[in-house]
Protein chains: 2
Amino acid sequence: MQVKNYIERKNLEKKLHLFKNTCHKNHLKITPQRVTIYKKLISSQEHPSATDIHRKIKNIFPDISLNTINTNLLAFNKIGLINVVEGSGDAKRFDVNLDPHHHFRCLDCNKIIDFYNKDFENIKIAEELIEEFTITDKKLHLEGICDRCKSGYAWFGEDVDNVNYGRSKKRR
Amino acid sequence: MQVKNYIERKNLEKKLHLFKNTCHKNHLKITPQRVTIYKKLISSQEHPSATDIHRKIKNIFPDISLNTINTNLLAFNKIGLINVVEGSGDAKRFDVNLDPHHHFRCLDCNKIIDFYNKDFENIKIAEELIEEFTITDKKLHLEGICDRCKSGYAWFGEDVDNVNYGRSKKRR
DNA sequence: TTGACAAACAGGATTCAATACTATATAGTA
DNA sequence: TACTATATAGTATTGAATCCTGTTTGTCAA
Ligand SMILES: [Mn+2]
Ligand SMILES: [Mn+2]
Ligand SMILES: [Zn+2]
Ligand SMILES: [Zn+2]
């Protein structure tokens, strides 16, 4: 347990180091807000929207504006620190996981979950498609109901901190 | 050519028949607006947004409201006549093609193009995923640059009728 | 064919995400 | 420490989507 925590701490440090380096290279200043936004991205598995992050981060910076979140997320995306993932007409969702991977989206709670699939790399894409288009990304996309929603164990009940009080679909 | 037109006309009639049948079963009245919206969906390969359809259909019903389009698209979706596809934080995109298929999205013009891949059906999804989640949909998603954008042959120049004049990303 | 009624329509209001704009604050550095 | 380019907060604007309401229209039964 001690060892695991040590490894995770080292891992976080490594990511933060890379983050600061990349910001520096791209003339982005290291501000407390910026670092906090990135940390929130790292610590979340849920592919949060800008609003999700805004809500979370208000505990730390009560006056931070949604605009700052949006601006920074777009900046991070531009310099390759994060990706935008398909949300389904909802708000944009952001992905700090840069390893090649795929997504499962729960139709009920709208959570997006990473998974990996080695076999997929070998899948044949028709020649005509490859000739016609320049393909820069190739992903598997699953939809359905996640274990939590399946078991009737609702999205609330834990970490109230992450709850979306808005009109839009519930999200964890 | 005569024969081809005949077949296409027959095909359209068949789809419209199914459409009216399904509406009827679901207590949706057959109105000229409703039929026209569905026809526009059938005749478009581009996975249009509600606004796209609204713009097109104004030629026929100058006073039709965007609300009518949205309400009807959601109604069609509810009774299984169309699907909603992932837009990427943009407006929802609608898909009248009910056959199992996959999508390529152009990062430049935002066009979504259907393609088919038989090999994909056999792809192995990890046991643990299947146990954890109820998977209702499994799709391939490609991104990149379409032939038209690749060749520098811009999205405009043809069918001005379909052009998006809005602030959001250009679309064909 | 007509009349009654439930459903659909147009149009306006509201909500929310996203972007634009700007005055003030601050990180980086000389 | 002081200078300057960038970031931030806060406000305004745009657009998608939903809600609401009064009027119109398709459907079905008489
Ligand atoms: Mn991911
Ligand atoms: Mn499609
Ligand atoms: Zn779920
Ligand atoms: Zn294109």
Side-chain angles (χ1 to χ4, degrees), chain A residues 19-21 23-38 47-55 57-58 60-79 84-94 110 164-171, chain B residues 19-21 23-38 47-55 57-58 60-79 84-94 110 164-171:
Chain A
F19 167 73
K20 288 179 181 174
N21 236 334
C23 281
H24 197 254
K25 265 183 221 151
N26 290 277
H27 314 288
L28 296 191
K29 292 176 179 171
I30 310 298
T31 66
Q33 291 93 333
R34 192 161 270 168
V35 174
T36 310
I37 291 169
Y38 186 71
H47 303 78
S49 68
T51 317
D52 289 335
I53 294 177
H54 188 224
R55 198 167 37 243
I57 226 168
K58 268 184 161 172
I60 303 167
F61 297 93
D63 291 336
I64 198 168
S65 93
L66 178 56
N67 190 7
T68 300
I69 312 288
N70 267 307
T71 307
N72 278 302
L73 289 172
L74 291 185
F76 294 171
N77 182 39
K78 199 169 187 177
I79 65 179
V84 181
V85 303
E86 317 268 318
S88 201
D90 277 5
K92 286 193 183 77
R93 306 281 288 267
F94 297 90
N110 214 11
N164 185 338
Y165 292 103
R167 178 168 60 108
S168 56
K169 234 176 276 168
K170 54 198 192 281
R171 175 181 300 159
Chain B
F19 167 72
K20 288 180 180 173
N21 236 334
C23 282
H24 198 252
K25 267 186 219 149
N26 290 276
H27 314 290
L28 295 190
K29 291 175 179 171
I30 311 298
T31 66
Q33 290 93 333
R34 193 161 269 165
V35 174
T36 309
I37 292 170
Y38 186 71
H47 303 78
S49 68
T51 317
D52 290 335
I53 294 177
H54 188 224
R55 199 168 36 244
I57 225 168
K58 269 185 161 172
I60 305 168
F61 297 95
D63 291 335
I64 198 167
S65 90
L66 178 56
N67 189 10
T68 300
I69 313 287
N70 268 306
T71 308
N72 277 303
L73 289 172
L74 291 185
F76 294 170
N77 182 39
K78 200 170 187 177
I79 64 179
V84 181
V85 303
E86 317 268 319
S88 203
D90 277 4
K92 286 191 184 76
R93 305 282 287 269
F94 298 91
N110 214 9
N164 185 338
Y165 293 102
R167 177 170 60 106
S168 54
K169 236 176 275 168
K170 51 198 194 278
R171 174 181 300 159

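Proteins come first, then strands; the chains are lettered A, B, ... in the order of their sequence lines, and each starts at number 1.
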### Within-4.5 Å side-chain heavy-atom neighbours: A/V84 and A/F94
yes
Only one of A/I53, A/I57, A/T36 passes side-chain contact (heavy atoms from CB on, under 4.5 Å) with A/I64, and that residue is A/I57
Residue pair A/T31/A/L66 against DNA chain C: nearer the 5' end by closest nucleotide is A/L66
Would you tabulate the pairs of protein nitrogen or oxygen atoms and nucleotide nitrogen or oxygen atoms of nucleotides 9-12 of chain D closer than 3.5 angstrom?
from	atom 1	to	atom 2	distance (Å)
D/dA9	OP2	A/S65	N	3.3
D/dA9	OP2	A/T68	OG1	2.8
D/dG10	OP2	A/D63	O	3.1
D/dG10	O6	A/N67	ND2	2.3

Q | Close side-chain approach of A/N110 and A/R93, heavy atoms under 4.5 Å | A | yes
Those residues at least two apart in sequence (or on a different chain) that pass side chain to side chain contact (heavy atoms under 4.5 Å, CB included) with B/L74 are none
Rounded to whole Å, CD1 of A/I37 lies from C1' of D/dA7 at a distance of 11 Å
Contact list (N/O, under 3.5 angstrom) for nucleotides 28-30 of chain D vs protein:
from	atom 1	to	atom 2	distance (Å)
D/dC28	OP1	B/H24	NE2	3.3

The nucleotide from D/dT27, D/dT8, D/dA16 with an atom nearest the side chain of B/T51 is D/dA16
Picking from C/dT19, D/dG26, D/dT8, the nucleotide nearest the side-chain atoms of B/P32 would be D/dG26
In terms of heavy-atom contacts, B/C23 and B/I30 come closest through CB-CD1, 3.7 Å
Side-chain atoms of A/K29 come closest, of C/dT19, D/dT18, C/dG28, to C/dG28
Of the candidates C/dA18, D/dT8, D/dA17, the side chain of B/A91 sits closest to D/dA17
On the nucleotide C/dA10, are OP1 or OP2 found under 4.0 Å from the side-chain N or O atoms that B/K58 carries?
no
- Message: Below 30° counts as parallel, above 60° as perpendicular, anything between as tilted: where do the rings of B/F76 and B/F19 land?
- Response: perpendicular
